[in-house]
Amino acid sequence: MKKHNLFKVVGISILVVVLLTWILPTTYYSYGLVSDGTRSQVGLFDLLNYPTVSLSYFGNIAIYILTIGGFYGVLHKIGAYRSLLDKIAKKLKGKEKIVLSIIMILLAVFTSVCGASLGLLIIVPFIISLILLMGYDKVTAAMVTVGSIAVGLIGTTVSSTYVTDSYSLVAQNGMGIVNSILSTQAADQIIVKIILLVLGLALLIFNTLRYAGKNHNSKKSEEEYLPKVTDKKSKTWPVVLIFDLIFVIAMLALTSWSSVFKLDWFTKATDAVKNFKIGGFAIFGKLLGSVGAFEQWTVIEIGVLLVIGSIILSLIYKVKFNDYFDNIIEGAKKAIKPAVLIILIYIVLVIVSYHPITLTIVKPLLTLTKGLNAFTMSLSAFIASVLNVDMYYAASSVLPYVTELITDTSLSPIIALIWQAIYGFSTLLAPTSIILIAILSYLDIPYGKWLKSNWKLILEILALCLIVFTIVILVV
């Protein structure tokens with residue numbers, strides 16, 4: 001296994017983008033296409049400064065990853081957690097393939113409905129431990145987790161949060177900005193989205209089970225990813241209760257209740273709690289602080305939820321104060337590598353934001369054919385997704401220009417469909433995919449090994465997307 005493989009992959013990605021800024025002129029869209037042939041090269045001091053910029057803008061994602069590590073650091077020292085995993089694995093013996101399939105379906109559906117790709121990372125270490133205990137290898141665990149989230153993004157159905165206050169963006173997921181730019185709705189092309197989700201899941205399950213069947217019980221479980229066996233007599237129900245509460249609250253908090261479902265229950269409930277007064281004093285509002293209603297939550301609020309959960313579990317299982325902090329630190333140490341890689345990945349986004357070359361690259365593709373072409377639009381979306389890391393920035397950098405080129409608004413829902421699906425597809429293989437690199441880093445799987453193990457799945461998913469896009473365009 002090559003040392004520091006993922007750091008090399010991300011580092012090469014950064015250097016490639018730096019080189020492109022020296023070769024390509026800048027192009028951006030601001031009430032019209034702006035491309036005067038000037039170049040904005042990344043200099044040495046720029047490159048050394050951009051990690052700081054990346055940390056200042058996206059450090060919350062890194063902190064969130066460290067918080068997940070700290071939470072599991074506490075869990076791994078509670079004997080009831082390992083006991084719970086062992087009990088589940090024992091009950092599932094002989095039903096492993098069914099369980100893998102159910103996990104993939106649930107993860108994909110949660111991603112599709114909630115848009116909670118980052119939010120789902122809170123349950124990924126648990127799923128990985130369970131898969132390893134069932135006798136599968138690390139690549140199988142990565143296929144189940146990365147693959148499910150990617151397919152869920154490809155088949156995004158009703159997730160389009162785009163919440164703003166009087167000044168700025170409060171919370172958003174990818175499809176929120178796409179729908180905002182294209183003036184489309186979450187329910188547009190919903191049947192096609194469901195078809196992509198179902199067929200994508202079928203391909204994922206088939207390929208994963210085929211690979212898993214060849215690598216079941218092939219070697220001893222990776223103990224470094226499993227909590228140690230300590231006190232098996234500890235009651236497991238508190239772990240189950242707290243863990244379930246955290247997960248349910250996180251999923252509810254990341255769902256587009258008002259913008260998609262037109263429900264204001266959680267907004268009213270939050271306001272009622274925060275405004276409730278005792279003796280004229282809004283006690284709960286002061287204790288909760290500036291927390292928003294469900295749908296307005298970000299990974300920061302989810303991280304706070306994890307910290308609260310870890311404290312409650314430590315109190316229930318009588319973990320000493322010093323041991324609690326030692327466990328937090330030990331767990332966070334294991335998450336340092338993914339956290340650092342995420343900050344490095346966002347440097348790519350910083351570069352293409354300060355030195356706008358994305359539109360320079362995709363403009364020839366977009367103007368290659370008249371009207372909407374499934375292949376050129378898909379390639380444009382893929383390039384933008386790889387360079388801009390986050391759908392918000394990918395869409396913002398290209399889609400305003402697309403609306404100038406393609407003025408037929410009846411095609412806007414199809415463009416939105418292509419962008420959501422291709423962004424999800426990029427999650428499977430892009431060296432700048434946050435989900436992919438974070439999980440590969442956690443499992444210490446080289447990037448090349450991932451591609452070698454999944455190239456058939458990747459090509460099949462791509463073929464599925466292009467075929468569906470082509471059919472939809474022809475029908476319209």
**Q** What's the separation between atom CG in N60 and atom CZ in F58, rounded to the nearest 0.5 Å?
**A**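 Between atom CG of N60 and atom CZ of F58 there are 8.5 Å.
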**Q** Please list all pairs passing the ring pair (Phe, Tyr, Trp, His ring centres under 6.0 Å) test where one or both residues lie in residues 105-129, with sequence neighbours left out.
**A**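 Pairs touching residues 105-129 that pass the test: F110-F247, F126-F243.
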**Q** Does either side chain, that of Y211 or that of N454, offer a donor lying less than 3.5 Å from an acceptor on the other one?
**A**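 No - no donor-acceptor pair under 3.5 Å links their side chains.
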**Q** Keeping W450 on the side-chain end and L428 on the backbone end, is there a donor-acceptor pair under 3.5 Å?
**A**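 It does hold such a pair.
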**Q** Counting N and O atoms only, with roles assigned by atom type, does the side chain of N388 sit under 3.5 Å from a partner on the main chain of A395, one being a donor and the other an acceptor?
**A**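 Here the side-chain-to-backbone pair does not exist.
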**Q** Please determine, by modelled atom types, if T157 and S112 share a side-chain donor-acceptor pair under 3.5 angstrom.
**A**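 Yes, a side-chain donor-acceptor pair sits under 3.5 Å.
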**Q** Check R82 with D86, please: is the shortest side-chain N to carboxylate O separation under 4.0 Å?
**A**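 A salt bridge is present here (some side-chain N lies under 4.0 Å from a carboxylate O).
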**Q** Just wondering, are more than 12 heavy atoms of other shown residues or ligands nearer than 6.0 Å to NZ in K97?
**A**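 Count not over threshold, so no.
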**Q** State whether the side chain of T145 and the backbone N or O of A142 hold a donor-acceptor pair below 3.5 Å, judged by distance alone.
**A**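 Such a contact is found between T145 side chain and A142 backbone.
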**Q** Taking D188 for the side chain and Q185 for the main chain, is one N or O donor matched with an acceptor at less than 3.5 Å?
**A**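 Yes, because the side chain of D188 sits within donor-acceptor range (under 3.5 Å) of the backbone of Q185.
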**Q** Without placing hydrogens or testing angles, list every side-chain donor-acceptor pair under 3.5 Å for residues 200-208, not counting sequence neighbours.
**A**
unit_1, atom_1, unit_2, atom_2, d
N207, OD1, R210, NH2, 2.9
N207, ND2, L203, O, 2.7
N207, ND2, E460, OE1, 2.7
T208, OG1, L204, O, 2.7

**Q** Considering all heavy atoms of both residues, which atom of S385 and which atom of A381 are nearest to each other, and what is their separation?
**A**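 Closest heavy-atom pair between S385 and A381: OG-O, 2.7 Å.
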**Q** Answer yes if the side chains of T140 and D137 hold a donor-acceptor pair under 3.5 Å, and no otherwise.
**A**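 The answer is yes; a qualifying pair exists.
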